[in-house]
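Worksheet: the structure to be examined is printed underneath.
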Amino acid sequence: MKISFRINNDLAELNTLLDQLQTLEDKWSLSRKNIAEINLVLDELVTNTIGHGDCDKKQPIDITLTKKDLKLTIQIIDSGQPFDPTVCQLPDTTLPLEKRKCGGLGILLVRQFCDSWKYTRSNNKNILTLKKNLPKECK
Amino acid sequence: METTITKDNNTTIFALSGRLDSNSAPHFEQQLRDFLTTPCTHLVFDFNNLDYISSAGLRVVLNTAKAYKAGKYLFHACAMQEHVQEVFEISGFDSFITIHRSIDESLSALPPVNGK
């Protein structure tokens, strides 16, 4: 099972993202918790792409979700500046409040809610592929 | 996201409803600006009707916690849905933000402010 959709390089598209994911709740038997986690992963990555990309250009972002048995694969492709989130330094969540900084929290959440991820740059595009194991209720 | 701001004695309550993400966070931060510059009451975020938070929302919460760290007024959070609470815990925010189960628990936990 597979869906693909394209969104514009624009934060207003986070709502499109949610609409698309909500259609999967019934179609793919995903729970609200699954949807919230997948939504968070895509939200953080898309928000990053919009922040790092060339904002003047309406660069589309292509998103594909594939579900095979209990494996979900998420692929995000954009043609913005090279950006590899898999090498970003994660924040130290044990630091006391006065030493905590905001940066890196989004990537930390992506890492937490996915089981693996891989970045490649090809044909001037960023290609990020994430895998997530779904609970057995999603069969 | 919708924000309802109410006052209960020496506490200001921000009741959040909907989704706190990179779309809604800038407006929320603006609503908070005066409270963060010069805190003059306790502050509680009531998350009961908040369905979703992303790192953009966490950033505002972190800045709020920092603004209240030194003064005599306190910042608490309450009534988080399971997914929102999980995001807080992954980020380690539960180590420095007091989270109560309900707004009533928060209000009874906040001390009276001396001289008021």
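All values reported here derive from a predicted model rather than from experimental measurement. Here is the naming used below: chain letters follow the sequence lines, and residue numbers restart at 1 for every chain.
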**Request:** Indicate the atoms forming the closest heavy-atom contact of Leu97(A) with Ala65(B), along with that distance.
**Result:** CD2-O, 3.6 Å
**Message:** Tell me which of these, Ser95(B), Ser91(B), Ala70(B), Gly92(B), has more heavy-atom pairs under 4.5 Å with chain A than the rest.
**Reply:** Ser91(B)
Taking the ring of [Y] and the ring of [X], is the distance between their centroids below 6.0 Å?
X: Phe28(B); Y: Phe45(B); result: yes
X: Phe83(A); Y: Tyr119(A); result: no
X: Tyr68(B); Y: His76(B); result: no

**Message:** With a 4.5 Å cut-off on side-chain heavy atoms, are Glu86(B) and Ile90(B) touching?
**Reply:** yes
**Message:** Heavy-atom cut-off 4.5 Å, strictly under: side chain, backbone, both or neither for Glu44(A) against chain B?
**Reply:** side chain
**Request:** Go through the atoms of Ile97(B) and report whether side chain, backbone, both or neither lie under 4.5 Å from a heavy atom of chain A.
**Result:** neither
**Message:** Do Leu17(A) and Ile77(A) land in one hydrophobic cluster if side-chain heavy atoms of ILVMFWY residues count as linked below 4.5 Å?
**Reply:** no
**Request:** Starting from Leu18(A), walk the hydrophobic network (Ile, Leu, Val, Met, Phe, Trp, Tyr; side-chain heavy atoms closer than 4.5 Å) and list everyone else you reach, by chain and number.
**Result:** none
**Message:** Can you tell me which of Leu14(A), Ile107(A), Asn39(A) forms the most heavy-atom pairs within a distance under 4.5 Å of chain B?
**Reply:** Asn39(A)
**Request:** May I have the step-by-step check of salt bridge (charged side-chain N to carboxylate O under 4.0 Å, His left out) for Glu29(B) and Arg33(B), ending in yes or no?
**Result:** CA-CA 6 Å; Glu29(B) 193 154 39; Arg33(B) 202 179 44 197; over 6 Å; no
**Request:** Pull out the residues in residues 121-130 of chain A that come under 4.5 Å of chain B, heavy atom to heavy atom, sorted by number.
**Result:** none
